Amino acid sequence: MEPAAWADLLRFLDSGTFRTYCEAGKLIGTRVIGEAEGPSLIHVLREEELPEGLHLVEHERVRFPTFPYEWPPEMLHAAAELTLDLAESVLGEGMVLKDATPYNILYRNCQPVFIDLLSFEKRDPLDFVWRAAGQFMRTFLLPLLLNKQFGIRLDQIFISRRDGLSPEEAEALCGRWRRFLPPFFSLVWLPAFLSQRRVARSASLYEKRRASSPQQAVFILSKTLRVLRRKLDAVRPTENKRSTWFEYVRYHDGDYTADKIRLVANFISFHRPRDVLDAGCNTGTFSLLAARSGSQVIAIDSDPAVVGVVWRRARDEDRSVLPLVIDISRPSPAIGWRNRECASFESRAHGAFDLVMMLAILHHMLVTERIPLNEIVNFAAALTSRFAVLEFVPPEDPLFRQMARGREDLFVHLTRDSFERCCACRFELLDKKRLGRTDRWLYFLRKK
């Protein structure tokens with residue numbers, strides 16, 4: 001590490017911003033490892049002493065790392081608010097936040113946690129330009145704007161564009177007249193127009209502008225951050241946005257739902273799983289049920305609208321639930337340089353859970369995604385270290401038939417007996433219960 005960067009890190013670790021936000025759980029817990037304990041912690045270097053210029057810093061562990069393309073827009077907006085909060089807080093301490101990307105943030109349950117402490121550096125007292133503003137626009141404001149106005153999903157943006165969207169790219173989607181309406185005018189057209197003007201006089205791009213006094217610089221920087229916060233408020237995600245799956249749970253009778261809640265609650269209460277994966281969580285009924293029993297829950301669903309509902313519910317109840325937009329049939333791949341920057345969901349989740357719940361989702365995987373049953377069972381076994389709760393939906397079920405759309409002959413082999421034989425290859429059957437007056441069954445399994 002460069003001496004200047006090390007000095008910046010030590011300065012930030014000694015700041016009031018670090019103490020305040022770390023105590024609030026919004027900054028990653030960090031400590032500098034002294035020379036006395038350093039060698040024992042880096043024995044892999046096979047050196048008797050620390051190499052010259054090497055410094056060791058220990059961060060607290062975040063249980064399950066996630067990335068912006070796995071978040072609902074509500075979580076990206078919360079990460080943006082934290083970024084501006086930190087940028088404002090360090091101004092009064094003679095520092096500046098030099099990066100503004102959601103990849104600097106992880107989530108601890110529903111709480112965003114800033115992790116890149118090297119993004120804070122000593123500020124030139126007369127510098128009044130927040131150079132991270134353009135990145136904040138590309139990675140926070142424009143993705144949120146296009147998601148809110150056009151329904152463009154965050155994974156469609158971030159998987160192919162790590163640094164978000166440029167104003168020019170966003171302008172191409174706005175149409176001829178929309179670009180002149182708020183908030184498109186200030187977020188899209190004007191930045192794109194000014195960018196073209198800057199290219200035309202590129203020589204001036206590298207001229208460093210300075211304020212007449214430190215007070216003036218702080219005033220201008222503070223105003224810049226306030227303007228960005230107003231723009232962020234303008235792209236705040238719409239609450240209670242309906243989607244295809246939002247009302248899905250209402251298709252079933254009351255006995256079915258009541259039985260399912262009671263049986264799952266009893267199982268969780270008896271076995272007390274620490275880490276739970278709720279695949280196909282919908283609006284989070286079973287995720288919150290597990291969290292209220294003391295479990296730490298990863299709740300995934302392919303629908304950003306319902307995942308946003310789970311995030312708000314878990315945040316309001318302060319529950320240990322991390323909701324993610326992940327299609328269990330097509331989980332997040334490994335991406336980035338040599339596919340090593342961001343690990344795949346499967347590699348992060350492999351064997352990470354004491355309990356995997358797949359409730360009312362297997363028939364979607366079978367019919368819509370055409371995934372063989374044995375592959376689904378094997379995947380569940382790879383994710384769990386102990387238990388699984390699977391819901392069997394027979395081909396005779398009305399919703400199953402609706403999805404099959406005349407292709408029922410493809411599933412004539414799917415019976416409770418064939419389902420149980422398939423599960424028996426990887427699991428021991430603990431119990432099975434019929435749900436209400438339906439032909440659906442809940443299977444409680446232990447991994448062999």
Side-chain angles (χ1 to χ4, degrees), residues 63-64 66 70-72 74-75 107-110 243 245-246 248-249 252 256-257 259-332 345-346 348-365 376-377 379-393 427 435 440 442-447:
R63 177 172 61 105
F64 197 88
T66 66
E70 298 173 333
W71 300 347
E74 289 84 352
M75 290 173 64
Y107 265 84
R108 187 187 290 114
N109 299 321
C110 290
S243 70
W245 302 109
F246 197 90
Y248 183 73
V249 294
H252 308 293
Y256 163 87
T257 303
D259 279 356
K260 194 167 166 181
I261 291 174
R262 174 179 55 82
L263 291 168
V264 172
N266 289 343
F267 185 83
I268 290 175
S269 178
F270 182 78
H271 291 285
R272 313 297 293 182
R274 185 186 65 178
D275 294 293
V276 174
L277 174 67
D278 184 6
C281 63
N282 203 266
T283 54
T285 297
F286 296 94
S287 301
L288 290 166
L289 184 155
R292 293 179 192 124
S293 297
S295 300
Q296 299 180 102
V297 183
I298 306 293
I300 66 173
D301 200 286
S302 62
D303 184 353
V306 297
V307 176
V309 172
V310 179
W311 182 79
R312 289 194 296 271
R313 293 178 66 186
R315 177 201 58 186
D316 293 344
E317 291 190 25
D318 192 22
R319 298 295 180 183
S320 297
V321 178
L322 174 57
L324 300 174
V325 181
I326 292 175
D327 184 347
I328 193 64
S329 301
R330 294 180 176 84
S332 307
F345 173 77
E346 183 175 358
R348 284 172 280 151
H350 187 89
F353 305 99
D354 304 308
L355 169 63
V356 169
M357 299 190 295
M358 292 184 173
L359 308 176
I361 189 175
L362 264 68
H363 56 302
H364 293 278
M365 300 171 73
I376 299 173
V377 172
F379 190 32
L383 297 174
T384 185
S385 60
R386 296 177 64 199
F387 302 109
V389 178
L390 308 182
E391 182 175 347
F392 173 74
V393 179
F427 293 97
L435 297 173
R440 298 185 174 203
L442 214 54
Y443 282 80
F444 301 92
L445 308 166
R446 176 163 33 212
K447 186 176 179 179

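Only heavy atoms go into these numbers, but all of them, side chains included; no hydrogens, no water, no symmetry mates. Predicted model, so just to flag it, every value in this text is computed and none were measured.
The side-chain heavy atoms of Leu362 and Val393, taken from C-beta on, include no pair separated by under 4.5 Å. Contact check for Leu359 versus Leu442: side-chain heavy atoms found under the 4.5 Å cut-off. Taking the side chain as every heavy atom from C-beta outward, Trp71 and Leu324 approach each other to under 4.5 Å. For the pair Ser293 and Pro273, the minimum side-chain heavy-atom distance is 4.5 Å or more. Put simply, the side chain of Arg292 reaches to within 4.5 Å of the side chain of Glu317, judged on heavy atoms. Put simply, the side chain of Phe444 does not reach to within 4.5 Å of the side chain of Phe270, judged on heavy atoms. Taking the side chain as every heavy atom from C-beta outward, Ser295 and Leu355 never approach each other to under 4.5 Å.
Atom CZ in Arg63 sits 10.5 Å away from atom CZ in Arg108 (nearest 0.5 Å). Between the CG atom in Leu322 and the CG atom in Asp278 there is a gap of 12.5 Å [rounded to 0.5 Å]. Atoms CD and CD1, on Glu346 and Ile328 in that order, are 8.5 Å from each other to the nearest 0.5 Å. Here the NE2-CZ distance, from His350 to Phe379, works out to 10.0 Å after rounding to the nearest 0.5 Å. Interatomic distance, Leu277 CG to Ile326 CD1, rounded to the nearest 0.5 Å: 8.5 Å. Rounding to the nearest 0.5 Å places CD1 of Ile261 at 5.0 Å from CZ of Phe286.
Without hydrogens or angle criteria, Asp354 side chain to Asp275 main chain gives a donor-acceptor distance under 3.5 Å. A donor-acceptor contact shorter than 3.5 Å links the side chain of Glu391 to the backbone of Ala360. Between the side chain of Lys447 and the backbone N or O of Ser385 there is no donor-acceptor pair closer than 3.5 Å.
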Full working for side chain to side chain contact (heavy atoms under 4.5 Å, CB included) between Thr285 and Arg313:
CA-CA 10 Å; Thr285 297; Arg313 293 178 66 186; 4.3 Å; yes

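Note on Glu74 versus Arg315: no salt bridge recorded, every NZ/NE/NH1/NH2 to OD/OE distance being 4.0 Å or above. Taking the charged nitrogens against the carboxylate oxygens, Arg262 and Asp259 do have a contact shorter than 4.0 Å, which makes a salt bridge.
Closest approach of Pro72 and Pro323 over heavy atoms only: CD-O, 4.2 Å. Of all non-hydrogen atoms in Val310 and Cys281, the two that sit nearest each other are CG2-SG, 4.2 Å. Closest approach of Asp301 and Gly280 over heavy atoms only: OD2-C, 3.4 Å. The two residues Phe345 and Pro331 have their closest heavy-atom pair at CD2-CB, 3.8 Å. The two atoms that bring Ala380 and Val356 nearest to each other are O-CG2, 4.3 Å, heavy atoms only.
With ring centers used as reference points, Phe267 lies under 6.0 Å from Phe387.
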